[in-house]
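Because the structure is a prediction, the values reported are computed rather than measured.
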Amino acid sequence: MNKKKIASWVLGASAGVALGKKINKQSICPACVIKKAFAGTQVHVTEKEAYNNGVALTPPMGWSSWNTFRNTIDESLIKDTAAAMKKTGLLDAGYKYINLDDCWQSSMRTADGKLQGDLTRFPRGMKPLIEEINDLGFKVGLYTSNGTLTCEDLPASLYNEATDADTLAEWGVEYFKYDFCHNEAIPTVAPSLIKIYLGKPGESDFIEMFASHGNLSKGAKVMEDDRVEGGYVVGNLCGGLGELVFDTIEVPEDGDYSLTIVFRKGGNMRKFLVCLVNGKEEYDCYFPSSKGFTADGRLQIVISLKKGINTLKFYNPVASRMDSAQRQYINMGKELKRATKEFADKNNTPEKPICYSICEWGMNQPWKWGAKAGNLWRTTHDIKPFWASMLLIYEFNVRLYKHSAPGSWNDPDMLEVGVGKLTMEENKTHFSLWCMMAAPLILGNDVRKFINEDGTVDEDNKVLNILKNKNLIAVDQDKRGKQAKRIQSDIVTDILAKPLENRELAICFFNKSASTKNITLDIQKIHNDPYCDLPFADCYEITELWDNTSETIKTEISAAVPAHGVKVYKVKAI
């Protein structure tokens, strides 16, 4: 390839021009300052299609180690838990995932950079354990964080997405919880660019492209600087809003090419840039806070080009913290789908898709983008095993009913049934509300306690009977995938309605107060709300799903609901 100059290319952003020509205040556009500030408070959804990996078509059901066992898990505990879940009938009831939360992993990655299990607590490694649990009829889940470390300061997956996705696929993992501790947000500022070099790795010939010759848009502009040839390109001075499409890059053959980005130093902050190749492949470029004795620095990546004319677009699409979280979670989801497919193809085995659980605590409005990124997303901070915590999470999650659908679920966190100081009535209420909200049902209690000392199952255990209630589980697992809507409310009582298959309806009377309350629902209230989708009829059969009693009504449903309690009905037109 002959060395030559080609006009065109890219982007830059605000900070860090102090070493070059001084930009006066008149150069700053007030409108773009306002635009940038507003963008920093918004989510800008980038994906157009749902995640759609073929799993979690109903809310996932299973068990997680965190709520009870925290950082004390080992191989023996996991095996005993799986055995107890199978023996007690929890597996048959639908709880098919055994999820190992934080602290399954060693603090050391392997010599080739892969995750590995704790060397003494999981001495055989993770794959043999997963296969053994699979043989019992369960699927197995693992955990890391969308950060540099997990919440317990162990190896996590940020910047290691591809490697860790390959490891999960190789082990046969089928559920992945991705937390948000130690997260590093993608910078919203782009670098100021001088030029790029494009060449074949291992060869000295290259194409040189000056930023100042590029086709600039969205506020990107050229600044002169005696210290750099040709000046440099910055974006709008209020942030990385500029971009450029370079559509005349011609190369002689398909293959990998080294792309060296020469950027203007300045500004004590990290910066970010995306190189989009031919409208398909994205390459993320992270720039360090820039210091030093020279005016320019270099960042080098390898990109794939096709023979002939190629198009490169350089820009920073991240305008807010929400955009950063969305982009990082979408990236991990793509790696999971890629890894399971490649592993199956390579080994000529059926693909094992991974149910992808996004756990960023609802801070970045995941209900707006979660369906584009994964299968379920946490809507709140961690649940605690007491009434006020459960109630607070319910109050927030119940409002998000429009965002739930088959394959993509609002996740108000794991069940605390049988954990902490919840009364039996509160346990029943907690379970009922999660089922009405089409929430994932992930147990957090010690299920081994359901086995008597003589090895028999404690069939009279009240917690076990709550968790195995077929009527409520059927409401949660209804294939329409509708989350309940709150259709009536006052200070201390709520009425929820959840559309079911066959145009039936689940109704929940919820009493938040510390004394019994009488609650009544006029059937006309249901018909006035199109979300409920209940047919008109002269009579309706209602079945209370906890005591399994039925009656026929014409105009209203009424019940005395105990303190912190619920009444849950299935309503059918007859």
Report yes if the side chains of E416 and E426 come closer than 4.5 Å at any heavy-atom pair, otherwise no.
no
For T88 and I451 the tightest heavy-atom approach is CG2-CD1, 3.6 Å
Can you list the steps and then say if R378 with N397 is a side chain to side chain donor-acceptor pair (under 3.5 Å)?
CA-CA 9 Å; R378 277 277 298 281; N397 193 78; over 6 Å; no
Can you tell me if S550 uses its side chain to pair, donor with acceptor, with the backbone of T543 under 3.5 Å?
no
_Close side-chain approach of K512 and H564, heavy atoms under 4.5 Å_ = no
| Counting distance only, does the side-chain N/O of T72 pair as donor-acceptor with the main-chain N or O of F69 below 3.5 Å? | yes
Is the shortest side-chain heavy-atom distance between L500 and R480 below 4.5 Å? no
ask   = Between the main-chain N or O of M108 and the side-chain N or O of Q116, is there a donor-acceptor pair closer than 3.5 Å?
value = yes
Note: T68 and D446 closest approach over all heavy atoms is OG1-N, 3.9 Å
For residues 499-510, the side chain to side chain donor-acceptor pair (under 3.5 Å) pairs (sequence neighbours left out) are R503-D533
Can a salt bridge be assigned to the pair E152 and R70 using a cut-off of 4.0 Å between side-chain N and carboxylate O?
no
Quick one: does N53's side chain get under 4.5 Å of N375's, heavy atoms only? yes
- request: Would you check if the side chain of S320 reaches a backbone N or O of D323 as a donor-acceptor pair within less than 3.5 Å?
  value: yes
Original post:
Side chains of D153 and H182: donor-acceptor distance under 3.5 Å anywhere?
Top reply: yes
(request) Check whether NZ of the Lys or CZ of the Arg K567 lies under 6.0 Å from the centre of the six-membered ring of W546 and within 45 degrees of that ring's axis. (result) no
Between P60 and L376, the two heavy atoms sitting closest are CG-CD2, 3.9 Å
Just so I know, are the side chains of T379 and W377 near enough to count as touching, which here means a heavy-atom distance under 4.5 Å? yes
Tell me if the aromatic rings of Y401 and Y531 count as close, with their centers under 6.0 Å from one another. yes
Worksheet item: Taking everything shown except K352 itself, do over 12 heavy atoms lie less than 6.0 Å from its NZ?
Response: yes
Check: Hey, is CG on D538 packed in by over 12 heavy atoms from elsewhere, all under 6.0 Å?
Finding: no
| said: Given 3.5 Å as the limit, does a donor-acceptor pair link the side chain of D494 with the main chain of F510, or not? | reply: no
Is a side-chain N or O of D101 found less than 3.5 angstrom from the main chain of S64, in a donor-acceptor match?
no
Nearest heavy-atom approach of P123 to E75 is CD-OE1, 4.0 Å
Check the angle between the aromatic planes of Y569 and F509 and answer parallel, tilted or perpendicular using the 30° and 60° thresholds. perpendicular
Pair R338 + D166: basic N to acidic O under 4.0 Å: yes
Test item: side-chain donor near acceptor, E544 and N548, under 3.5 Å: no
Flag, side chain of D80 to backbone of A84, donor-acceptor distance under 3.5 Å:
no
Side-chain donor or acceptor of Q328 paired with backbone N/O of E184 under 3.5 Å:
yes
In terms of heavy-atom contacts, M85 and V447 come closest through CG-CG2, 3.6 Å
Between Y178 and E360, do the side chains contain an N or O donor and an N or O acceptor separated by less than 3.5 Å?
no
Minimum side-chain heavy-atom gap L149-L154 below 4.5 Å:
no
N518 and T520: side chain donor to acceptor below 3.5 Å:
no
field: Exercise: do T340 and E351 side chains pair donor with acceptor under 3.5 Å
entry: yes
Q | Under-4.0 Å salt bridge between E47 and K372 | A | no
Separation between CD1 (I73) and CZ (R121), nearest 0.5 Å, reads 8.0 Å
Notebook entry, point to check: Could you walk me through whether F396 and W367 pass the ring-ring contact (aromatic ring centres under 6.0 Å, His included) check?
Noted result: CA-CA 12 Å; F396 189 86; W367 47 90; 5.5 Å; yes
- Kindly determine whether M61 and I473 satisfy side chain to side chain contact (heavy atoms under 4.5 Å, CB included), including the steps that lead there. CA-CA 10 Å; M61 296 176 63; I473 290 173; 3.9 Å; yes
**OP:** Test H430 against I383 for side chain to side chain contact (heavy atoms under 4.5 Å, CB included), laying out the working first.
**Re:** CA-CA 11 Å; H430 176 18; I383 194 170; 3.9 Å; yes
Does a sphere of radius 6.0 Å around NZ in K127 hold more than 12 heavy atoms from other residues, nucleotides or ligands, not counting ones at 6.0 Å or beyond? yes
Treating N445 as the side-chain partner and V419 as the backbone partner, does any N or O pair qualify as donor plus acceptor under 3.5 Å?
no
Exercise. State, yes or no, whether a side-chain contact exists between I495 and R486 at a heavy-atom distance under 4.5 Å.
Key: no
Test item: S106 side-chain N/O and D118 main-chain N/O as donor-acceptor pair under 3.5 Å
no
*asked:* Please evaluate residues V566 and F431 with respect to the criterion side chain to side chain contact (heavy atoms under 4.5 Å, CB included), reporting the C-alpha separation (whole Å), side-chain torsions for both, the decisive distance (0.1 Å), and the verdict.
replied: CA-CA 10 Å; V566 291; F431 190 74; over 6 Å; no
Minimal heavy-atom distance between A82 and L136, with the atoms involved, is CB-CD1, 3.8 Å
Distance col, row F176:CZ vs L336:CG, nearest 0.5 angstrom, shows 6.0 Å
CG of D92 to NZ of K87, rounded to nearest 0.5 Å, is 14.0 Å
- Task: May I ask you to test the L505-K570 pair for a side-chain heavy-atom distance under 4.5 Å?
- Result: no
(message) For D382 and W361: C-alpha separation, side-chain torsions, deciding distance, then whether side chain to side chain donor-acceptor pair (under 3.5 Å) applies.
(response) CA-CA 7 Å; D382 289 4; W361 321 324; 4.6 Å; no
| query | Will you find, in the side chains of D102 and N71, an N or O donor that is under 3.5 Å from an N or O acceptor? | reply | no
Output for pair (L129 CG, L100 CG), nearest 0.5 Å, gives 6.5 Å
> Would the Y175 and Y356 ring centres measure less than 6.0 Å apart?
Replying inline: no
Query - Evaluation steps, side chain to side chain donor-acceptor pair (under 3.5 Å), between D454 and T456 - result: CA-CA 6 Å; D454 62 3; T456 60; 2.6 Å; yes
More than 12 heavy atoms from other groups under 6.0 Å of NZ on K572
no
D164 with R109: basic N within carboxylate O range, under 4.0 Å: yes
- Check whether the side chains of S145 and T150 place a donor and an acceptor atom closer than 3.5 Å, and report yes or no. no
To the nearest 0.5 Å, atom CE of M414 lies from atom CG of L443 at 10.5 Å
d(S357 OG, I442 CD1) to nearest 0.5 Å is 8.0 Å
Scan side-chain atoms only and decide if T493 and D490 contain a donor-acceptor pair under the 3.5 Å cut-off. yes
